[in-house]
Enquirer: 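Submitted below is the structure of interest, expressed as structure tokens.
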Amino acid sequence: MASHEFQPLQGMSDIHAPEIYLWRMIEERARTLFNSYGYEELRTPSLEKLSVFKRSIGDATDVVQKEMYAFKDRGDRELALRPEGTAGTIRHLAGLGEEGLNSRVFYIAPMFRCERPQAGRKRQFHPVGVEATGVPNPLADAECIALQQNLLEAWGLTGSTIKINSRGTKEDQKLIAENLRELLEPVRSDLCEDCQRRMDENVLRVIDCKNPTCKEIAATLPEMRSFMTQESQDYLNTVIETLSEMGVAVEYDRSLVRGLDYYVNTVWEITHGALGSQNSIAGGGRYEIALGKKGVPGVGFAMGIERVITSLEACGITAEQFAPKGGTWLVSLGADALIENMKLARELRNQGVRCGMELAAKSMKAQMRKANREGVERVIIRGDEEIAKGTVIVKDMAEGSQEEINLRDVIV
RNA sequence: GUGAUUGUAGCUCAGUUGGUUAGAGCGCCUGGUUGUGGUCCAGGAGGCCGCGGGUUCAAAUCCCGUCUUUCACCCCA
């Protein structure tokens, strides 16, 4: 492990057993649930034209400006590894014409961001996300959040909180920004350095600054929604009320903003206490993404599998619980038995039995030790005697008992 | 990008103020009489002490660089 010759790149990891079984559980249950909601799986390329991300995520966002793996290929084309899933998904859907403007798709795929790794942040990370396109409808937003709630339940994850807010329409956002700047200007020098910068670049972010002084100042500001049109306020209220009807608990959070440019109206976030500084396991929201001539309206979310796993582990859910166990181990005594067991293993495996055997000539003791470590339920022992008689010895590993039976009785 | 932090056997870690052949536990392998696991006992294999420079008679130990780990800021999943 010390030699970096065998290490993956910084912030990237090999996902192997037993952890992989937790990944598979998460992915399988997500696919099943998405299917029940009528979502189709979509796999877009990991590499896209840089412009796909610039236009949808926002040219000025940190994600685009300093976090993307962007480069020119041999043909001098500007490309980037996807830093998130929505842009590529919408690129695909927009290309479908009318049909794409009313679709439901999900993805489970690696994304890349060249940042300094830290708890809950890898350079290659794996969100599971959904996108539902269609004209803005608060019921669609509510259903999307309800789906997410179902997903958490399916995984067995408890102790998370769903926070919700609205950023209003694009027009509202302009008004909000203007008003906030005006209100903040007199106290500009009291804000932290970052927030003074944010005032010019992205005022909304001042609202969710962690700095105590900024927090105090933010608390004195009117809620964002007070600058929105009545229609926008009603939209948010309908989402919250619908969720309440459906029995999904959400928490209105006036300081929730989220960073990507494409968000309009509803935005939400799911946090979990086990996570540390990067405490959000999921983010979502309604968006309006301009690609080509038309804007694609939709709603969606992304949940980081790495962060979900950290949260699950805090709930006492481990990968070992999902590791395959049981099955049969074949012990061979002598060269003939080895070949005979190769044939028997094949038949058992064809029947779906998890079946293993040592392929090299090893002592019986070594073979039994291996069987024990594999955690199999039974061991089948064969030597020259048994082959001559057409029998096998079957040993129950938990009981320690064994009996000799006919070979043909092994294969049901 | 900024600021800390880590790096010694497969894994978790010891390694004293620089000083002989670098240790432990777990794991692994082989045995404990003919073909029987999990417990026990005995033995064994396995280390460019992250990498590259430097200081020194002497470096795992001190200095510099580099890569990596972990954590925080920024930002986000």
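Keep in mind that the numbers below use all heavy atoms, side chains included, and drop hydrogens, waters and symmetry copies. Order of the sequence lines sets the chain letters (A, B, ...), proteins ahead of strands, with each chain counted from 1.
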Enquirer: Assign each of A:Gly284 and A:Ser277 to its nearest nucleotide of RNA chain B by heavy atoms, then name whichever residue's nucleotide is nearer the 5' end.
Expert: A:Ser277

Enquirer: From the list B:C28, B:C74, B:G1, which nucleotide is the closest neighbour of the side chain of A:Arg373?
Expert: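 When the side chain of A:Arg373 is considered, B:C28 is the closest of B:C28, B:C74, B:G1.
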
Enquirer: Starting the side chain at C-beta, find the nucleotide from B:C74, B:U68, B:G35 nearest to A:Glu386.
Expert: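 When the side chain of A:Glu386 is considered, B:G35 is the closest of B:C74, B:U68, B:G35.
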
Enquirer: Determine, for A:Arg104 against A:Glu143, whether the closest basic-nitrogen to carboxylate-oxygen distance falls under 4.0 angstrom.
Expert: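 A salt bridge is present here (some side-chain N lies under 4.0 Å from a carboxylate O).
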
Enquirer: Take atom C1' in B:C13 and the same atom in B:C75, then report the distance between them in whole Å.
Expert: 36 Å

Enquirer: For B:A42, give the paired nucleotide (Watson-Crick: N1-N3 plus N6-O4 or O6-N4; G-U: N1-O2 and O6-N3; both under 3.5 Å), or none.
Expert: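 Per the H-bond distance test, B:U30.
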
Enquirer: Rounded to whole angstrom, note down the C1' distance from B:G15 over to B:U55.
Expert: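 Straight-line distance between the two C1' atoms is 22 Å.
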
Enquirer: Using a cut-off of 4.0 Å on non-hydrogen atoms, how would the nucleic acid contact of A:Glu385 be classed: base, sugar-phosphate, or nothing?
Expert: base

Enquirer: Determine the Euclidean distance between corresponding C1' atoms of B:C67 and B:G50; express it in Å to zero decimal places.
Expert: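 The answer is 8 Å between these two C1' atoms.
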
Enquirer: Before you tell me yes or no, could you show the steps for A:Arg43 and A:Glu41 under salt bridge (charged side-chain N to carboxylate O under 4.0 Å, His left out), namely the whole-Å CA-CA distance, both residues' side-chain angles and the distance that decides it to 0.1 Å?
Expert: CA-CA 7 Å; A:Arg43 302 192 187 185; A:Glu41 183 162 4; 3.2 Å; yes

Enquirer: Could you tell me how far B:C28 sits from B:G19 if I compare only their C1' atoms? Round to whole Å.
Expert: 34 Å

Enquirer: Determine the Euclidean distance between corresponding P atoms of B:A60 and B:C51; express it in Å to zero decimal places.
Expert: 11 Å

Enquirer: Without decimals, in angstroms, what is the distance between A:Lys365 NZ and B:G35 P?
Expert: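 Going from A:Lys365 (NZ) to B:G35 (P), I get 12 Å.
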
Enquirer: Please work out if A:Gln402 contacts a base, only the sugar-phosphate, or nothing of the nucleic acid, heavy-atom cut-off 4.0 Å.
Expert: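 Base contact.
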
Enquirer: Check whether the side chain of A:Asn372 and the base of B:G37 form a donor-acceptor pair under 3.5 Å.
Expert: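 Answer yes: a donor N or O sits under 3.5 Å from an acceptor.
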
Enquirer: Rounded to whole Å, please give me the gap between CG in A:Leu204 and C1' in B:C75.
Expert: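 So the CG-C1' distance, A:Leu204 to B:C75, works out to 15 Å.
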
Enquirer: Considering Watson-Crick and G-U wobble pairs with both distances under 3.5 Å, what does B:C71 pair with?
Expert: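 B:C71 is paired with B:G3.
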
Enquirer: Let's test this: given Watson-Crick or G-U wobble pairing with both distances under 3.5 Å, identify the partner of B:C48.
Expert: none

Enquirer: Side chain of A:Lys122, heavy atoms from C-beta onward: which of B:U70, B:C74, B:U36 has the nearest atom to it?
Expert: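 For the A:Lys122 side chain, the nearest candidate turns out to be B:U70.
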
Enquirer: Rounded to the Å, how far apart are A:Lys210 NZ and B:A72 C1'?
Expert: 9 Å

Enquirer: On RNA chain B, compare the nucleotides closest to A:Ser363 and A:Met303; which residue's is nearer the 5' end?
Expert: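 Looking at the nearest nucleotide for each, A:Ser363 comes out on the 5' side.
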
Enquirer: Between B:C75, B:G37, B:U30, which nucleotide gets closest to the side-chain atoms of A:Glu115?
Expert: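 Nearest listed nucleotide: B:C75.
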
Enquirer: Does the B:C74 base have a donor-acceptor partner in the side chain of A:Glu67 within less than 3.5 Å?
Expert: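 By the distance-only test, no, there is no pair.
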
Enquirer: Say we look at B:C41 and B:G46: how far apart would their C1' atoms be, to the nearest angstrom?
Expert: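 Looking at atom C1' only, B:C41 and B:G46 are 22 Å apart.
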
Enquirer: With salt bridge (charged side-chain N to carboxylate O under 4.0 Å, His left out) as the criterion, how do A:Glu78 and A:Lys49 come out once you've worked through the C-alpha distance, each side chain's angles and the decisive distance to 0.1 Å?
Expert: CA-CA 6 Å; A:Glu78 293 205 299; A:Lys49 280 189 223 158; over 6 Å; no

Enquirer: Indicate whether the side chain of A:Glu131 and that of A:Tyr287 have a donor and an acceptor atom separated by less than 3.5 Å.
Expert: yes

Enquirer: If pairing requires Watson-Crick or G-U wobble contacts with both distances under 3.5 Å, which nucleotide is the partner of B:C62?
Expert: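 Paired with B:G54.
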
Enquirer: Whole angstrom is fine here: how far is it from NZ in A:Lys370 over to P in B:U30?
Expert: 11 Å

Enquirer: Give the ring-plane orientation class for A:Phe301 versus A:Phe34, where under 30° counts as parallel, over 60° as perpendicular and anything between as tilted.
Expert: tilted

Enquirer: Flag yes if more than 12 heavy atoms outside A:Met342 fall under 6.0 Å of its CE atom; otherwise flag no.
Expert: no

Enquirer: Among B:A72, B:C74, B:U69, which nucleotide sits nearest the side chain of A:Gln10?
Expert: B:U69

Enquirer: Between B:U30 and B:G37, how many Å separate the two C1' atoms, rounded to a whole number?
Expert: 16 Å

Enquirer: Which nucleotide sits closest to the side chain of A:Ala119: B:U36, B:C71, B:G37?
Expert: B:C71

Enquirer: Taking only the side-chain heavy atoms of A:Arg369 (C-beta and beyond), determine which of B:C71, B:U2, B:C29 contains the nearest atom.
Expert: B:C29

Enquirer: B:C75 base to A:Arg121 side chain: any donor-acceptor pair below 3.5 Å?
Expert: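 Pair found.
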
